[in-house]
Asks: 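I am attaching a structure below and will ask some questions about it afterwards.
Note on naming: letters A, B, ... go to the chains in the order of the sequence lines (proteins, then strands), and numbering restarts at 1 for each one.
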2 protein chains.
Amino acid sequence: MSRDRDPEYAIIARSLREQILRGDFEDGRALPTEAELSATFGVSRQTVRRAFQDLVVDRLVYRVPGRGTFVRHDKPGYVRQFGSVSDLMALAEDTTLQIIEPLTRVLDAGAAERLGLSDHSVYSVHFTRRHDESVFCATSVYLPPDIGLPLMGEPELTTVGARSPFTIIGRVDTHAAIARAEQSITAEAAGLIIARELGCVVGTPVLRVDRVYFDSSDHAVELAISRFLPERYTYRINLMRSTP
Amino acid sequence: MSRDRDPEYAIIARSLREQILRGDFEDGRALPTEAELSATFGVSRQTVRRAFQDLVVDRLVYRVPGRGTFVRHDKPGYVRQFGSVSDLMALAEDTTLQIIEPLTRVLDAGAAERLGLSDHSVYSVHFTRRHDESVFCATSVYLPPDIGLPLMGEPELTTVGARSPFTIIGRVDTHAAIARAEQSITAEAAGLIIARELGCVVGTPVLRVDRVYFDSSDHAVELAISRFLPERYTYRINLMRSTP
DNA sequence: CGTTATTTGTGCGTATGTATT
DNA sequence: AAATACATACGCACAAATAAC
């Protein structure tokens with residue numbers, strides 16, 4: 001009956017996710033059992049199990065046969081795995097971006113140098129990123145003029161407050177194919193601006209990820225500096241010993 | 001090789017994983033369909049779907065309704081030159097390790113769970129790591145009993161204050177060859193103990209890296225939790241779009 | 001000590017929907 | 001239009017782990 005494009009299990013998963021994030025099961029109490037949820041939502045037990053799968057993959061809960069389902073005591077959050085450039089672009093799949101400072105031309109010697117530009121003129125845009133309606137990341141993007149100028153026509157980038165489900169690097173990739181990226185990861189204390197945007201206290205540790213993207217001619221086409229809230233985000237990588 | 005304790009879907013998943021890593025589906029060819037695998041393995045289509053779930057979660061394949069199942073061409077393995085298991089082992093080349101708490105048997109439910117152990121008994125050792133005589137990292141290592149017990153004979157691990165130029169994972173690798181590792185990175189505030197060991201103020205942001213190493217049978221053989229001083233250490237990775 | 005009830009895990013069969021070819 | 005292939009959803013049965021008695 002419901003015009004919901006979301007399948008049943010996704011609705012159940014979202015409902016449970018909200019309750020968990022609200023702290024309804026904080027004291028080690030178990031979540032409702034499969035049988036209970038199946039009754040209250042009026043679906044089969046298999047559908048409830050399908051909903052729990054998502055929560056387990058997100059490391060939001062763990063399940064023990066014979067006992068029940070429990071929220072993880074260690075901070076869960078949004079986990080993404082970035083092992084390749086495509087993984088970075090796939091970020092748009094389940095997150096939305098909201099413009100804080102629209103795309104404009106600015107003078108920034110540091111950013112220009114990291115982009116390998118002789119001039120100090122770069123195009124910059126600043127935005128936050130959400131998953132499940134909560135902000136987990138604030139990002140500043142710097143682009144060389146030849147990449148940034150054509151993007152000035154995109155209302156998603158030039159309108160303050162605009163929300164859209166895409167990645168800057170996805171747009172850049174249509175102009176200049178990305179071949180590789182250099183990435184460095186460190187920890188730092190949240191400053192005044194970042195703390196306000198992420199909704200945390202000044203001085204809170206945040207994860208800082210700097211990425212420089214290069215096209216096939218090995219010219220830098222984007223510098224992205226992101227600050228992540230650690231309790232809402234974990235950076236995950238799989239490492240292999242050898243290639244197939 | 002396959003143990004009868006493993007469920008059917010795990011056997012199918014392992015079989016597919018081996019074929020994928022061997023490169024059987026490299027040229028964009030689709031994997032066998034659910035119906036085909038269900039016939040060849042003599043199981044229901046649901047069981048095949050359950051096997052594919054694991055591969056999708058591991059981002060080894062992606063599935064397209066109406067088309068089929070395909071291996072991701074940008075697997076983590078492609079970044080091996082820059083962020084691989086061997087890189088982690090090479091850490092010993094220019095750093096030294098100093099034992100803070102020697103290798104002992106402890107009860108730790110959390111560590112045991114992450115190692116996939118049914119029992120809570122694990123072997124644990126805690127140490128700092130130096131580069132150029134200054135500490136940049138404090139690490140806690142947890143090992144399953146069958147790996148940890150044989151290491152109790154190593155004086156470098158059981159003597160408080162002992163300094164030596166090696167990595168735990170290097171030792172573990174001689175007992176059980178490491179095939180892959182899962183790594184998650186986040187930021188946190190230094191607690192009392194970590195702050196003292198790293199020589200920083202309590203509350204300072206530190207980079208926390210959790211790694212779980214797996215052998216060729218996909219059994220966890222080591223959990224290492226490291227805290228890095230951001231001003232002395234930055235984590236760098238190069239990401240590639242495709243193979244060079 | 002075993003017994004029993006509860007809860008999750010595995011596996012099967014079926015039906016229907018949706019996207020692709 | 002038809003066939004193919006994955007997605008969702010229901011039903012059922014039994015196994016295994018846990019906890020309470």
Asks: Whole angstroms only, please: what is the NE2-C1' distance between H120(B) and dT18(D)?
Replies: 13 Å

Asks: Check the distance between dA5(D)'s P and E36(B)'s CD and give it to me in whole angstrom.
Replies: 6 Å

Asks: Look at the side chain of T33(B) and the backbone N and O of E36(B), then say whether any donor-acceptor pair between them is shorter than 3.5 Å.
Replies: yes

Asks: Measure from CZ on F41(A) to C1' on dT8(D) and round the result to the nearest Å.
Replies: 17 Å

Asks: Does T158(A) use its side chain to pair, donor to acceptor, with the backbone of E154(A) at less than 3.5 Å?
Replies: yes

Asks: Is a donor on one side and an acceptor on the other found under 3.5 Å between the side chain of T159(A) and the backbone of P155(A)?
Replies: yes

Asks: What is the distance, rounded to the nearest whole Å, between atom CD of E34(A) and atom C1' of dG11(D)?
Replies: 15 Å

Asks: Side chain of H126(B), backbone of T139(B): donor and acceptor closer than 3.5 Å?
Replies: yes

Asks: Does this structure show an ion pair linking D173(B) with R171(B), if we count only N-O contacts that are shorter than 4.0 Å?
Replies: no

Asks: Please report, rounded to the nearest Å, how far the P atom of dA5(D) is from the CG atom of L31(B).
Replies: 13 Å

Asks: Is the charged tip of R63(B) near the ring of F52(B): under 6.0 Å from the six-membered ring centre and within 45° of its axis?
Replies: yes

Asks: OP1 or OP2 of dA7(D) less than 4.0 angstrom from a side-chain nitrogen or oxygen of R49(B), does that happen here?
Replies: yes

Asks: CD1 of I193(B): more than 12 outside heavy atoms within 6.0 angstrom?
Replies: no

Asks: To 10°, what angle do the rotation axes through the five end pairs on each side of the helix from dG2(C)-dC21(D) to dT21(C)-dA2(D) form?
Replies: 10°

Asks: Given atom CD1 of I12(A) and atom P of dT8(D), what is their separation to the nearest angstrom?
Replies: 13 Å

Asks: Who are the side-chain contact (heavy atoms from CB on, under 4.5 Å) partners of T128(A), not counting sequence neighbours?
Replies: Q98(A), I100(A), R130(A), V135(A), A138(A), E197(A)

Asks: Kindly indicate, with the supporting measurements, whether the criterion side chain to side chain donor-acceptor pair (under 3.5 Å) is fulfilled by T95(A) and R129(A).
Replies: CA-CA 7 Å; T95(A) 65; R129(A) 200 172 278 283; 3.0 Å; yes

Asks: For dC6(D) and T69(B) - does any side-chain N or O of the residue sit under 4.0 Å from the phosphate oxygens OP1/OP2?
Replies: yes

Asks: For each nucleotide in nucleotides 11-21 of chain C, reading 5' to 3', give B when a protein heavy atom comes within less than 4.0 Å of its base, S when such contact involves only the sugar-phosphate, and - otherwise.
Replies: BBBB----BBS

